[in-house]
Amino acid sequence: MAKSPYYLTTPIYYVNDRPHIGHAYTTLACDVLARFKRLDGHEVHFLTGTDEHGQKVEKSAQAAGKDPQTFTDEVSQNFRNLAEDMNYSNDDFIRTTEERHLKAAQAIWKAIQANGHIYLDSYAGWYSVRDEAFYAEGELTKGEDGQKLAPTGAEVEWVEEPSYFFDLSKWQEPLLKFYDENPDFIGPDTRRNEVVSFVAGGLKDLSISRTSFKWGIPVPDDTDHIMYVWLDALTNYLTAVGYPDEDNPDYSKFWPADLHMVGKDIVRFHAVYWPAFLMAAGLPLPKRVYAHGWLLNKGEKMSKSLGNVVLPEDLVSQYGLDPVRYYLLREVPFGNDGYISHETMVSRINSDLANDIGNLAQRSLSMIAKNCDGVIPTPGAFTDDDNALLSSAHAVLDDVRSQFDQQAFHRGLETLWKVVGDANRYVDAQAPWALRKTDPDRMATVLYVLAETIRHLGILIQPIMPDAAARMLDQLEIAPDARSFSHLGPDHALVAGTELPKPAPVFPRYVDEEAAD
RNA sequence: GGGCCCGUAGUUCAGCUGGUUAGAACGGACCGCUCAUAACGGUUAUGUCGCAGGUUCGAAUCCUGCCGGGCCUACCA
């Protein structure tokens with residue numbers, strides 16, 4: 001019965017950003033997986049949070065006339081609100097400014113250092129004061145007077161500062177060996193290829209401390225230095241399960257993580273630096289890093305300058321939360337970039353939700369309400385047709401599970417909707433409205449089979465659309481403790497005679513304002 | 001420049017360890033049903049499978065070149 005614990009994480013989001021649809025998308029995918037795993041009998045630890053250190057935050061706080069801690073307290077709240085608005089079921093929300101994280105980050109530093117993988121040197125490069133960034137020699141251009149310029153046109157100067165380095169170059173072979181032995185470590189394949197070729201191209205040691213600003217985690221025993229933000233940030237995944245206390249029950253239970261979900265922009269940090277840091281610290285490596293693609297607004301990348309950034313709260317208020325959750329994971333093949341638009345949103349809501357599954361439930365339950373005195377009818381012997389539909393409902397979990405395990409959410413939903421299609425075809429073929437007059441017993445059996453199919457669908461869509469699923473299951477009088485995947489199948493089938501509430505549509509159609517006029 | 005991925009019906013995609021008449025969904029057209037949120041079901045249409053060569057008895061599926069699109073090519077997160 002007890003299945004393996006399952007630990008999954010979102011990236012921690014940089015507080016300087018306002019939460020947008022991209023953040024919502026990443027966490028949504030994790031939420032669906034977390035809910036799925038819980039219903040499937042796993043003990044789940046689902047982590048999200050905020051990354052609150054770095055020079056930009058320091059500056060933003062200054063500009064706002066606040067001390068950095070007060071500033072981050074405020075802006076990190078935006079991300080907690082997002083979790084609330086989107087009905088995320090995260091078990092923890094970590095902030096890198098928390099005490100527990102300071103301890104963990106310093107501990108991993110010490111572990112890496114104790115193993116001889118950190119050395120003090122100096123970091124030198126072309127620095128643009130205006131851009132606050134270093135540039136590689138190859139990126140520079142020459143101005144009219146021969147002055148070296150950044151790609152942005154800003155002047156650069158040669159800057160050297162003392163820095164601790166991580167001996168990343170030594171980890172090239174171990175990493176390649178690890179990728180080779182763990183072909184599922186990075187998904188999808190195209191990202192894996194990129195990472196492998198990046199590492200195979202050679203690795204340089206990594207500067208992992210800064211002295212140019214203060215808002216960060218001090219390097220142990222040398223507080224002039226602040227830890228490199230990525231070493232700081234990545235360690236949050238350990239912090240949340242109790243590290244450095246390796247006797248912490250959460251640590252032994254949940255580490256190594258089963259899945260780090262990330263956007264494709266931060267694959268390298270998770271698939272190269274992070275495993276290297278962990279190997280250097282002598283810690284076990286996560287099992288999988290999955291990088292999803294971008295949501296494109298009608299084909300254009302969302303950006304502040306284009307002014308086409310989609311905010312999750314706007315989508316939710318226009319279309320409703322559960323439809324948005326469904327849409328985002330069904331419309332775009334997870335792992336690819338994909339378009340979102342009003343037109344495709346409406347099409348999904350009306351075709352898939354209102355017409356297919358919503359109407360299936362409504363037509364079935366209405367017939368039960370009208371023709372069976374509003375109670376679950378007593379079925380007779382099942383025919384081959386009945387068994388065909390029921391077994392498709394019973395069997396679908398296995399397929400969906402393997403698709404979700406590969407983060408192929410769009411495929412999992414497609415698979416579920418095959419059952420919806422089977423059920424609608426079954427209704428037409430059986431024509432219970434005709435049986436009402438010719439063979440009421442047979443009608444009762446047909447309606448029972450439909451109700452039982454809807455029970456399965458209701459249970460299975462809970463991870464995607466928790467509220468809508470609950471309303472569906474309520475209409476079948478399924479007890480709250482009878483809604484896990486262990487209740488799928490014939491052993492927990494509906495009990496004839498159970499009184500049902502009056503049916504009400506669960507998925508309303510979306511009608512455009514203008515079209516409605 | 002180097003590397004990786006992609007280019008298949010109006011649209012989004014599947015198929016791609018080579019093998020019958022190239023598939024699905026949505027959209028379109030037509031038909032059926034009337035239980036239901038005017039929802040459901042059935043039938044049907046359009047594809048030089050980017051282009052040109054090659055390997056093979058046989059290629060959307062393998063190889064080469066070309067065209068087009070995207071991504072990666074390290075220390076801002």
Side-chain angles (χ1 to χ4, degrees), chain A residues 11-17 51-57 59 123 125 131-136 138 163 165-166 168 188-210 228-233 263-269 272-273 291 293-294 296 301 330-333 336-339 341 343-344 347-348 350-371 410-411 414 417-418 420-421 423-436 443 446-447 450 503-511:
Chain A
I12 47 174
Y13 302 116
Y14 199 55
V15 282
N16 241 23
D17 297 330
D51 178 11
E52 309 191 355
H53 288 137
Q55 194 167 15
K56 275 193 192 172
V57 173
K59 297 253 180 198
Y123 181 68
D131 299 342
E132 296 171 16
F134 282 94
Y135 293 100
S163 171
F165 281 80
F166 171 67
L168 183 64
D189 286 345
T190 177
R191 300 298 158 219
R192 179 188 156 78
N193 292 343
E194 284 176 9
V195 167
V196 170
S197 88
F198 173 80
V199 173
L203 296 170
K204 293 193 294 197
D205 288 353
L206 194 64
S207 162
I208 53 166
S209 75
R210 294 293 137 83
Y228 173 48
V229 284
W230 271 106
L231 177 53
D232 164 355
K264 65 181 186 181
D265 55 332
I266 55 174
V267 173
R268 183 189 312 134
F269 302 100
V272 181
Y273 299 170
W294 301 138
L296 306 173
K301 186 163 182 178
R330 177 65 187 85
E331 180 66 17
V332 177
N336 295 355
D337 289 355
Y339 298 171
S341 69
E343 289 71 23
T344 54
S347 168
R348 287 291 174 194
N350 289 343
S351 297
D352 297 3
L353 297 182
N355 295 352
D356 290 347
I357 195 172
N359 186 53
L360 170 69
Q362 183 64 10
R363 68 198 304 209
S364 305
L365 294 172
S366 290
M367 283 189 274
I368 291 175
K370 287 178 187 166
N371 305 314
H410 59 296
R411 290 217 187 289
E414 193 178 13
W417 254 251
K418 284 196 178 119
V420 175
N424 273 320
R425 276 184 287 279
Y426 172 88
V427 180
D428 266 52
Q430 303 299 322
W433 52 90
L435 294 169
R436 181 165 58 100
M443 176 197 73
V446 167
L447 293 181
L450 284 168
V506 171
F507 296 106
R509 291 178 65 79
Y510 182 92
V511 181

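Just so it is clear: chains get the letters A, B, ... in the order the sequence lines come, proteins before strands, and each one is counted from 1.
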Next item on the list: Would you mind reading off the distance between A:Arg411 atom CZ and B:U12 atom C1', rounded to a whole angstrom?
Entry: 12 Å
Check: Distance between the C1' atoms of B:A22 and B:G15, in whole angstroms?
Finding: 8 Å
Next item on the list: Could you tell me which nucleotide pairs with B:U37 by Watson-Crick or G-U wobble geometry, both distances under 3.5 Å, or answer none if nothing does?
Entry: none
Item checked: d(CH2, A:Trp433; P, B:C33) in whole Å -> 11 Å
Notebook entry, point to check: Phosphate oxygens OP1/OP2 of B:A77: is one of them under 4.0 Å from a side-chain N or O of A:Trp230?
Noted result: yes
Notebook entry, point to check: Taking the same atom, C1', in B:U48 and in B:C72, what whole-Å distance lies between them?
Noted result: 34 Å
Next item on the list: Spell out, as yes or no, whether a donor-acceptor pair under 3.5 Å connects the side chain of A:Trp417 to the backbone of A:Asp352.
Entry: yes
Item checked: Whole angstrom value for the distance that separates P of B:G70 from CZ of A:Arg191 -> 14 Å
Checklist line | Main-chain N/O of A:Trp294 paired with A:Asp337 side-chain donor or acceptor, under 3.5 Å | finding: yes
Next item on the list: For B:G50 versus B:A9, give the span between their C1' atoms, rounded off to a whole number of Å.
Entry: 15 Å
Notebook entry, point to check: Looking for any heavy atom pair under 4.0 Å, which part of the strands does A:Val272 touch: base, sugar-phosphate only, or nothing?
Noted result: nothing
Next item on the list: Using both distances under 3.5 Å as the test, list the Watson-Crick or G-U wobble partner of B:U64, or none.
Entry: B:A52
Margin query: Roughly how many Å apart are B:C51 and B:G42, using the P atom of each and rounding to a whole number?
Written below: 34 Å
Check: Hey, does the side chain of A:Asn355 come within less than 4.0 Å of B:C40's phosphate (OP1/OP2), counting only N and O?
Finding: yes
Next item on the list: Would you indicate, yes or no, if B:A36 has its OP1 or OP2 atom less than 4.0 angstrom from a side-chain nitrogen or oxygen of A:Lys370?
Entry: yes
Item checked: Distance, rounded to the nearest Å, where A:Asn16 contributes CG and B:A77 contributes P -> 11 Å
Notebook entry, point to check: Closest approach of A:Met443 and A:Pro432, non-hydrogen atoms and distance?
Noted result: CG-O, 3.7 Å
Note to self: Any base atoms under 4.0 Å from A:Ser347, or only sugar-phosphate, or nothing? Heavy atoms, all strands.
What the structure shows: sugar-phosphate
Note to self: Need the pair for B:G1. Rule: Watson-Crick or G-U wobble, both distances under 3.5 Å, any strand; none if unpaired.
What the structure shows: B:U73
Next item on the list: Look at the rings of A:Tyr123 and A:Phe165 and say which category their plane angle falls in: under 30° parallel, 30 to 60° tilted, over 60° perpendicular.
Entry: tilted
Notebook entry, point to check: Between A:Arg363 (CZ) and B:C40 (C1'), how many Å, whole number?
Noted result: 4 Å
Notebook entry, point to check: For atom P, what is the distance between B:G18 and B:G53, given to the nearest Å?
Noted result: 24 Å
Next item on the list: Provide, to the nearest angstrom, the distance between the CD atom belonging to A:Gln362 and the C1' atom belonging to B:U37.
Entry: 7 Å
Item checked: Spacing of the C1' atoms in B:A14 and B:A74 (rounded, Å) -> 36 Å
Next item on the list: Could you state the atom-to-atom distance from CG of A:Asp265 to C1' of B:C75 in whole Å?
Entry: 15 Å
Check: Can you tell me how far P in B:A38 sits from the matching atom in B:G27, rounded to whole Å?
Finding: 16 Å
Notebook entry, point to check: Looking only at side-chain N and O atoms, does A:Arg509 come under 4.0 Å of OP1 or OP2 in B:A39?
Noted result: yes
Next item on the list: Rounded to the nearest angstrom, tell me the gap between atom CG in A:Leu365 and atom C1' in B:C35.
Entry: 12 Å
Notebook entry, point to check: If you check the A:Asp428 side chain, which of B:A39, B:G3, B:C35 turns out closest?
Noted result: B:C35
Check: Rounding to the closest angstrom, what is the interatomic distance between B:U46 and B:C5 at atom C1'?
Finding: 29 Å
Item checked: Complement of B:C30, any strand, by Watson-Crick or G-U distances under 3.5 angstrom -> B:G42
